[in-house]
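All remarks here apply to the structure that follows.
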There are 2 protein chains.
Amino acid sequence: MAESDTIDSKPLAKVLNEHGVRPTSQRETVYESLLQKRDHPTADEVFARVREKAPTISLATVYNCLDVLVQNKLVRAVNFERAPTQYCANLAPHAHFHDEAGRTLDIEMPTGVIDQLRDLLPSDFDVKHIEVNFHGRAPHND
Amino acid sequence: MAESDTIDSKPLAKVLNEHGVRPTSQRETVYESLLQKRDHPTADEVFARVREKAPTISLATVYNCLDVLVQNKLVRAVNFERAPTQYCANLAPHAHFHDEAGRTLDIEMPTGVIDQLRDLLPSDFDVKHIEVNFHGRAPHND
DNA sequence: ATACGGAATTAGAACTATTCTAAATAAAAT
DNA sequence: ATTTTATTTAGAATAGTTCTAATTCCGTAT
Ligand SMILES: [Mn+2]
Ligand SMILES: [Mn+2]
Ligand SMILES: [Zn+2]
Ligand SMILES: [Zn+2]
């Protein structure tokens with residue numbers, strides 16, 4: 001309960017505003033769709049989901065909204081090989097496991113491990129971002 | 001000297017053969033170009049380089065050769081965001097640092113760190129491949 | 001309320017890295 | 001030598017994303 005009082009329960013418009021994003025209805029709908037089903041949908045999948053609430057939205061707008069959300073760090077863009085970019089509303093630092101069946105799972109990454117990775121670099125490197133991707137088979141849980 | 005007696009000095013045809021790759025002249029030329037200049041060229045860049053030795057080679061063949069080399073683990077394909085795939089002939093396990101200027105650098109990754117990463121996953125996950133990408137600024141060294 | 005101006009949205013065209021197709025060559029097997 | 005199989009090739013096709021130019025939306029000023 002304490003959990004659900006953080007970002008999900010706050011009015012979305014407010015969250016967007018606080019992150020410097022003008023809260024248009026399209027942006028709210030796109031962002032909401034990412035918060036609700038926390039798999040890692042592609043732009044096309046977001047488009048399909050969002051159409052149900054906002055039937056007149058265009059694919060270009062979905063791309064625009066996703067870009068804005070990514071640029072303002074409300075959403076992460078996830079790439080694996082040359083597959084379509086996937087989007088992730090989990091803001092905690094985490095890695096991604098790409099299942100051979102096509103699922104993408106979040107893998108928690110403690111600060112210690114991130115620091116270990118950063119330490120691989122000479123100190124005069126300025127790291128902006130670290131990305132860790134696993135690929136393999138995950139057990140089916142359904 | 002002992003170093004150079006490993007893979008670079010061996011006849012390329014032999015190396016390819018040992019990895020299950022039929023050594024056509026195109027494959028040899030593509031592979032050689034990756035061994036010689038160890039930056040991380042795209043398929044287009046490989047095409048441009050290889051044309052000087054083999055002026056009649058086609059881009060499709062460059063893609064074919066690169067695929068064969070990757071599939072037989074003589075070369076690694078490296079992806080970052082949605083940029084064109086880059087190719088890397090460094091077979092030691094390593095991460096990649098993507099400079100804001102566009103350079104891609106190899107970062108050594110000791111086994112310990114790799115094991116740390118693998119340990120982030122539940123034991124019933126079967127990991128085939130781990131990928132680590134850094135993004136940021138590297139000092140200019142020229 | 002109305003008008004203005006910048007921002008956002010939209011449909012569709014354009015772009016580009018890559019893959020596919022089908023024909024031509026080359027190499028291997030018989 | 002003939003047949004089979006693999007590889008190469010040029011060009012067409014594909015697909016995810018970005019761009020273009022017109023329209024709509026919204027906050028602000030009048
Ligand atoms: Mn894969
Ligand atoms: Mn970048
Ligand atoms: Zn995620
Ligand atoms: Zn490399």
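Residues A:His98 and A:His96 have side chains that never bring a donor and an acceptor to within less than 3.5 angstrom of each other. For the residue pair A:Asn133 / B:His129, no side-chain donor-acceptor distance below 3.5 Å is found, with atom types taken as modelled.
The cluster map of Ile, Leu, Val, Met, Phe, Trp and Tyr, joined by side-chain heavy atoms under 4.5 Å apart, puts A:Leu59 and A:Val75 in the same cluster. Hydrophobic clustering of Ile, Leu, Val, Met, Phe, Trp and Tyr side chains at less than 4.5 Å, counting indirect connections, unites B:Tyr63 with B:Leu16.
The residue A:Thr24 sits close only to the backbone: its heavy atoms come under 4.0 Å of sugar-phosphate atoms, none of a base. Backbone-only contact: B:Thr85 has heavy atoms under 4.0 Å from sugar-phosphate atoms and none from a base.
No donor-acceptor pair under 3.5 Å is formed between the side chain of B:Asn72 and the backbone N or O of B:Leu74.
Set against C:dT9, D:dT9, C:dA28, the side chain of A:Asn64 has C:dT9 as its closest nucleotide. Across D:dA10, C:dA17, D:dT17, the shortest atom-to-atom separation from the side chain of B:Ala60 is found for D:dA10. Proximity note for A:Arg82 (side chain, C-beta onward) versus D:dG16, C:dT10, C:dA17: the nearest is C:dA17. Distances were taken from every side-chain heavy atom of A:Arg22 (C-beta onward) to each of D:dA6, C:dA7, D:dA10; the shortest belongs to C:dA7. When the nucleotides C:dA11, C:dA17, D:dA6 are ranked by their closest atom to the side chain of A:Ser58, C:dA11 comes out on top. Of the listed nucleotides (D:dT17, C:dT10, D:dT9), D:dT17 has the atom at the smallest distance from the side chain of A:Leu59. Among the nucleotides D:dC19, D:dG16, C:dT9, the one closest to the side chain of A:Gln26 is C:dT9. Comparing C:dT18, D:dT8, C:dA7 by their closest approach to the side chain of B:Thr61 singles out D:dT8.
Look at CD1 on B:Ile57: it is 10 Å from P on D:dA10, rounded to the nearest Å. Distance, A:Tyr63 OH to D:dT18 P: 7 Å, rounded to whole Å. Rounded to whole Å, the distance from OH on B:Tyr31 to P on D:dT7 is 18 Å. Rounded to an integer number of Å, the gap from B:Phe47 CZ to C:dT16 P is 17 Å. We find that CG of B:Asn79 is positioned 15 Å from C1' of C:dT16, with the value rounded to whole Å. What separates CD of A:Glu81 from C1' of C:dT19 is a distance of 15 Å, to the nearest Å. Between the C1' atom of D:dT17 and the CD atom of A:Gln71 lies a distance of 15 Å, rounded to the nearest Å. One can place CZ of A:Arg27 at 12 Å from P of D:dC26, the figure rounded to the nearest angstrom.
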